[in-house]
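Reviewing the structure listed below.
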Amino acid sequence: MNVNARSALFTAQLAVPIMEKNNGGVIINISSPGSNRVMPDYVAVGASKAALEALTRYLAVELAPLNIAVNAVAPGLVQTDALRHFSILGD
């Protein structure tokens, strides 16, 4: 939660005053398919990415009047050793 959700909130809180002075800006958060797809041994990351996506939605609504866009991107699955660890792609 500290790395994925809280850090995004704290960063936004620091960035918003700067963006306000510049008449707006853009915040982009990086999520993952694990935010809404349950994978074995991924509970800490998956739950924190889901929290990040909820935070993104709330910030998008709250910051829109300040001309600040907030979005999240979630890259697709990429065959890596890390992904194989979670048994999504198999061998």
Side-chain angles (χ1 to χ4, degrees):
M1 290 296 177
N2 286 337
V3 171
N4 290 317
R6 290 182 71 201
S7 63
L9 174 61
F10 296 157
T11 300
Q13 289 173 331
L14 292 172
V16 166
I18 298 166
M19 291 180 177
E20 280 185 288
K21 290 178 186 174
N22 290 311
N23 299 313
V26 176
I27 297 171
I28 301 172
N29 294 314
I30 310 297
S31 188
S32 78
S35 67
N36 56 26
R37 180 178 180 172
V38 176
M39 297 185 288
D41 302 319
Y42 201 71
V43 65
V45 177
S48 66
K49 291 294 188 172
L52 175 64
E53 289 186 10
L55 173 67
T56 300
R57 289 189 297 274
Y58 277 95
L59 289 176
V61 170
E62 291 187 16
L63 299 179
L66 302 176
N67 197 33
I68 299 172
V70 185
N71 288 288
V73 296
L77 299 176
V78 178
Q79 188 169 354
T80 64
D81 289 340
L83 192 59
R84 274 189 283 289
H85 170 77
F86 295 108
S87 301
I88 298 300
L89 297 178
D91 293 325

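Along the sequence shown, residues are numbered consecutively beginning with 1. Values in this document were obtained by computation on a predicted structure and should not be read as measured data. Below, each value reflects all heavy atoms present in this structure, side chains not excepted, and no hydrogens, waters or symmetry copies.
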Report task. Output the rest of the hydrophobic cluster of Val26: all Ile, Leu, Val, Met, Phe, Trp and Tyr residues reachable through side-chain heavy-atom contacts under 4.5 Å, sorted by chain and number. Result -> Ile28, Ile30, Val73
Query raised in the report: Using links of under 4.5 Å between side-chain heavy atoms of ILVMFWY residues, direct or through other members, which residues join Met1 in one cluster?
Result: none
Query raised in the report: Under the side chain to side chain donor-acceptor pair (under 3.5 Å) rule, what pairs show up with a residue in residues 51-74, not counting sequence neighbours?
Result: Asn29-Thr56, Ser31-Glu53, Ser35-Glu53
Report task. Tell me, please, which residues at least two apart from Val61 pass side-chain contact (heavy atoms from CB on, under 4.5 Å). Result ->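 Per chain and number, Val61 pairs via side-chain contact (heavy atoms from CB on, under 4.5 Å) with no residue.
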Query - Pairwise distance CD1(Ile68) to CG(Asn22) - rounded to 0.5 angstrom - result: 9.5 Å
Requested in this report: Give a yes or no on whether Met19 and Leu55 share a hydrophobic cluster (residues Ile, Leu, Val, Met, Phe, Trp, Tyr; joining criterion: side-chain heavy atoms under 4.5 Å apart).
Outcome: yes
Query - Cluster overlap Val45 with Leu52, hydrophobic side-chain contacts below 4.5 Å - result: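 No, it is not one cluster - the side chains of Val45 and Leu52 are not joined through contacts under 4.5 Å.
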Going by atom type alone, with no hydrogens or angles, which donor-acceptor pairs under 3.5 Å involve a side-chain atom of residues 3-13 and a protein atom two or more places apart or on another chain?
residue: Asn4; atom: OD1; partner: Lys49; partner atom: NZ; Å: 3.4
residue: Asn4; atom: ND2; partner: Ser48; partner atom: OG; Å: 2.8
residue: Arg6; atom: NH1; partner: Asn2; partner atom: OD1; Å: 2.8
residue: Ser7; atom: OG; partner: Val3; partner atom: O; Å: 2.3
residue: Thr11; atom: OG1; partner: Ser7; partner atom: O; Å: 2.7

Query raised in the report: Looking only at heavy atoms, which two atoms of Tyr42 and Gly34 are closest? And how far apart?
Result: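 Reported closest heavy-atom pair: CE2-CA, 3.5 Å.
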